[in-house]
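I have placed the structure first, in the form of structure tokens, so that the comments after it can refer back to it.
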Amino acid sequence: MSFNIREYFDELSKGDVVIAYKGSITSDLINDVLEAVEKKLEEVNEEAKTRKKIYNVLVESLQNLYHHIEETHEGIEEDLDPKFGVLVITRIGTEYSVNTGNFINSSKIKYLKEKIDKINSLNKDELKDMYKFILNHQKLSAKGGGGLGLVDIARKTGSKLNYSFYNYNDHYYFFNLEIRI
Amino acid sequence: MEPILIEGTPKTPSVKYDPEKGVIEIKGRSIPENSIEFYKPLVDWLDDYSKSPKQKTLVNVQLEYFNTSSSKCILDVFKKLETIHKSNHDVQINWYYEEDDEDMLEAGEDYESIIRVPFKMIEIVD
């Protein structure tokens, strides 16, 4: 059976949802999400430390989407907003699960998969070294991306990056990234 | 040289550069999607300032959050300060972090290990 966005989104949004969004990932949307989540976490009196970590993860993962998302989607028949992406945050027990989803060109999978596997193989000190190396040696892209987002997320949360690639059509996969905090 | 005075926004910090006193202050949140636009004028200003800096330059950085896009630009700011320090002028960076915010303390220590300028880590206790 082929991948279906609605089913995927419904499945993710089961349980104790903090926020669930699918649509265009724009700068304004990022502002709104950050504000809404911050408010929500304050309402439930979440610990300052956890709030900050979630905020950091949200900023990096949403801005990763913003920088890397495909503008249009060739050969995708569904009626989707431009710069389409998904964000779902749920509470699972004492943890938060932050999921982002976006289409990715099949040609980019290998690079992304290797990068995540590499990050997942490193311990705390190795992540720190990797972060400092990239910080000091790589230039920012024209869009302002620095290749540091995933390293930073792994470092601050201390958890592995869980990912899936779902085949969509000849050109695209749908990439889901889950971060536990 | 003209001072710089920038009000903070939800995504960018407030900035005060006072060339007369030799005091530089960056405060608040720094999470713009593209940080180059915001930081380039600040780095350029320091480039000018480094031609005839005060004998002592005091730098106060008090960030609640910053994203990885900003982290490189902040490094560029610090590299300019390092140049000033190398030219036999005093430079002191005060890195403020909120109580128990180990991530922000660690971020300061990362910079301290890369940049050859004296850092002071200061915990803000409520």
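Owing to the predicted nature of the structure, the values given are computational and were not obtained by experimental measurement. Naming convention: chains lettered A, B, ... in sequence-line order (proteins, then strands); numbering from 1 in each chain.
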More than 12 heavy atoms of other groups within 6.0 Å of [X] [atom1]:
X	atom1	result
B/Glu109	CD	yes
B/Lys40	NZ	no
A/Tyr131	OH	yes
A/Lys83	NZ	yes
B/Lys120	NZ	no
B/Glu102	CD	no
A/Asn123	CG	yes
A/Lys115	NZ	yes

Next on the checklist: At a 4.5 Å cut-off on heavy atoms, which part of A/Glu47 comes close to chain B: side chain, backbone, both, or neither?
Outcome noted: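 Interface part for A/Glu47: neither.
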
Considering only heavy atoms from C-beta outward, does the side chain of [X] approach that of [Y] to under 4.5 Å?
X	Y	value
B/Asp101	A/Lys49	no
A/Leu148	B/Lys72	yes
B/Ile31	A/Leu34	yes
A/Lys52	B/Met104	no
B/Ile114	A/Lys132	yes

Checklist entry - Would you find a donor on one side and an acceptor on the other, under 3.5 Å apart, between the side chain of A/His67 and the backbone of B/Glu33? => result yes

Closest approach of [X] and [Y], non-hydrogen atoms and distance?
X	Y	answer
A/Arg51	B/Tyr65	O-OH, 4.4 Å
A/Asn56	B/Phe66	OD1-O, 4.1 Å
B/Leu75	A/Leu135	CD2-O, 3.5 Å

Checklist entry - Can you tell which of A/Glu60, A/Lys53, A/Lys156 has the highest number of heavy-atom pairs within less than 4.5 Å of chain B? => result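 Answer, by heavy-atom pair count under 4.5 Å with chain B: A/Glu60.
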
Next on the checklist: Between A/Glu35 and B/Arg29, does any NZ, NE, NH1 or NH2 come within less than 4.0 Å of an OD or OE carboxylate oxygen?
Outcome noted: no

Checklist entry - Are the charged groups of B/Asp110 and A/Arg155 less than 4.0 angstrom apart, N to O? => result yes

Checklist entry - For the hydrophobic clusters of this structure (ILVMFWY residues joined by side-chain heavy atoms under 4.5 Å, transitively), does one cluster hold both B/Ile93 and B/Met121? => result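 Yes, B/Ile93 and B/Met121 fall within the same hydrophobic cluster.
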
Checklist entry - Would you say A/Val18 and A/Val44 are hydrophobically clustered, going by side-chain heavy atoms of ILVMFWY under 4.5 Å? => result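 Looking at the clustering, A/Val44 is in the same group as A/Val18.
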
Item to check | Rounded distance (nearest 0.5 Å) linking atom CG of A/Asn64 with atom OG1 of B/Thr68 | outcome: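 So the gap between those two atoms works out to 7.0 Å.
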
Checklist entry - Just by distance, with hydrogens left out, do A/Gln63 and B/Ser69 show a side-chain donor and acceptor under 3.5 Å apart? => result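 Per modelled atom types, A/Gln63 and B/Ser69 side chains form no pair under 3.5 Å.
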
